[in-house]
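Remarks on the structure that follows.
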Amino acid sequence: MKAAERFAGHRQELARKVHDAGVKNPQVLQAIATVPRHSFVDAGLHAQAYEDSALPIGHQQTISKPSVVGRMIELLHKNKQPLGKVLEIGTGCGYQAAVLSLLAKEVYSIERVRALHDLARTKLRPFRIANLRLIYGDGIRGLAQAAPFDAIILAAAGLGVPDPLLDQLAIGGRLIAPVSKSETEQQLLLIERVSSHRYQRTALDEVFFVPLQSGVI
Ligand code: SAH
């Protein structure tokens, strides 16, 4: 990825903040140091783009907090092995998809809001990322035609993990999702598919994500 020279120092600084927040995988930190996050938000938010915080992207959605992006992608790596085929639910403006594209063989990213899908397409175009496919649709259904996935990452919180996504996870694959425990509490859930019928679940950090919603708009 050809990264803008402007903000180069800021990108390194952001990777340092993500490291200080607990993310240790050097490839993940390198990817965060490479993707120019300001390109994914409105010009009025450029100055805040290298803070470790979520920011608005319109349509009541946000660009995720970088340390949480880093943490979730780190958790998808089993024994630091490179990622194979990855499915992201909730493209938003495309930032995390760009980070994933540097770490995975292939990335598929689904967005349910047409205007955001189009925005992500526009934002990502200049980077000419060959291993990333953007799909407009309802991520709750997954993407059967490209399954199975070695890793699945949800950028929006549901009451549970949709069954089609569990079905589309490869054996030995990992899924990471924020899941709502109550109106105000969410927790990251890491699921590893151990065999065709066995899934191992581990509840992790408290987080805050926008809701996973069904249907397309
Ligand atoms: N990945 C983004 C985060 C975007 S916020 C980043 O890089 O920062 C989460 C996104 O999930 C929102 O754009 C929202 O519209 C989308 N979303 C919510 N439910 C969805 C669903 N069922 N299918 C696809 N996208 C969904």
Side-chain angles (χ1 to χ4, degrees), residues 18 21-29 31 64-65 67-92 96-97 99-112 131-135 137-216:
V18 170
V23 176
K24 301 293 180 233
N25 182 314
Q27 282 88 29
V28 174
L29 294 169
S64 301
K65 185 174 169 164
S67 58
V68 177
V69 169
R71 166 86 171 136
M72 290 174 77
I73 298 177
E74 183 172 67
L75 286 165
L76 288 179
H77 286 77
K78 198 158 67 174
N79 311 321
K80 305 211 169 130
Q81 284 168 23
L83 296 174
K85 200 200 295 180
V86 181
L87 176 65
E88 177 190 43
I89 311 301
T91 316
Q96 179 171 267
V99 174
L100 282 168
S101 76
L102 296 173
L103 296 161
K105 206 157 158 251
E106 281 174 87
V107 180
Y108 294 82
S109 181
I110 311 180
E111 173 56 55
R112 70 178 286 273
N131 61 337
L132 171 61
R133 298 273 172 280
L134 300 181
I135 299 105
D138 182 356
I140 289 176
R141 296 158 175 267
L143 194 66
Q145 64 269 37
F149 297 97
D150 302 305
I152 301 181
I153 182 165
L154 283 82
L159 293 173
V161 175
D163 285 339
L165 300 182
L166 294 175
D167 290 343
Q168 292 172 24
L169 189 61
I171 293 170
R174 289 184 164 202
L175 177 152
I176 183 89
V179 172
S180 295
K181 295 196 295 175
S182 70
E183 285 271 307
T184 52
E185 286 172 302
Q186 297 173 1
Q187 200 168 22
L188 280 186
L189 189 60
L190 176 66
I191 301 181
E192 185 161 355
R193 187 168 192 176
V194 184
S195 65
S196 70
H197 293 294
R198 216 162 72 77
Y199 295 84
Q200 192 172 302
R201 294 165 179 258
T202 314
L204 299 159
D205 333 5
E206 294 283 328
V207 284
F208 187 74
F209 277 83
V210 295
L212 184 70
Q213 292 173 294
S214 61
V216 295

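Count residues from 1 along the sequence.
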Quick check for you: to the nearest 0.5 Å, what is the distance between [X] atom [atom1] and [Y] atom [atom2]?
| X | Y | atom1 | atom2 | result |
| --- | --- | --- | --- | --- |
| S195 | Q200 | OG | CD | 10.5 Å |
| E106 | L83 | CD | CG | 12.0 Å |
| L76 | I153 | CG | CD1 | 5.0 Å |
| L102 | N131 | CG | CG | 8.0 Å |
| E192 | L175 | CD | CG | 11.0 Å |
| I135 | E88 | CD1 | CD | 10.0 Å |

Any donor and acceptor pair, going by atom type alone, linking the side chain of R112 with main-chain N or O of S214 inside 3.5 Å?
-> yes
Do [X] and [Y] come close enough that some side-chain heavy atom pair is under 4.5 Å?
| X | Y | answer |
| --- | --- | --- |
| L212 | P162 | yes |
| L165 | L87 | yes |
| K78 | D150 | no |
| M72 | P178 | yes |
| S180 | Q186 | yes |
| L143 | F149 | yes |

Identify all side-chain donor-acceptor contacts of residues 201-208 below 3.5 Å with residues at least two apart in sequence or on another chain.
{"residue": "D205", "atom": "OD1", "partner": "R71", "partner atom": "NE", "Å": "3.3"}
{"residue": "D205", "atom": "OD1", "partner": "R71", "partner atom": "NH2", "Å": "2.8"}
{"residue": "D205", "atom": "OD2", "partner": "R71", "partner atom": "NE", "Å": "2.8"}
{"residue": "E206", "atom": "OE2", "partner": "K181", "partner atom": "NZ", "Å": "3.1"}

Could you report the tightest heavy-atom contact between [X] and [Y], atom names first, then the distance?
| X | Y | result |
| --- | --- | --- |
| A104 | G84 | CB-O, 3.6 Å |
| L169 | I191 | CD2-O, 4.1 Å |
| I140 | P164 | O-CG, 3.4 Å |
| S109 | L132 | CB-CD1, 4.4 Å |
| N25 | Q27 | OD1-N, 2.8 Å |
| R193 | A170 | CB-O, 3.6 Å |

Checking side-chain contact (heavy atoms from CB on, under 4.5 Å) for the pair I73/Q96: CA distance, chi angles, key distance, verdict?
-> CA-CA 9 Å; I73 298 177; Q96 179 171 267; 4.2 Å; yes
When I176, I89, L188 are each screened for side-chain contact (heavy atoms from CB on, under 4.5 Å) with L154, the one that passes is I89
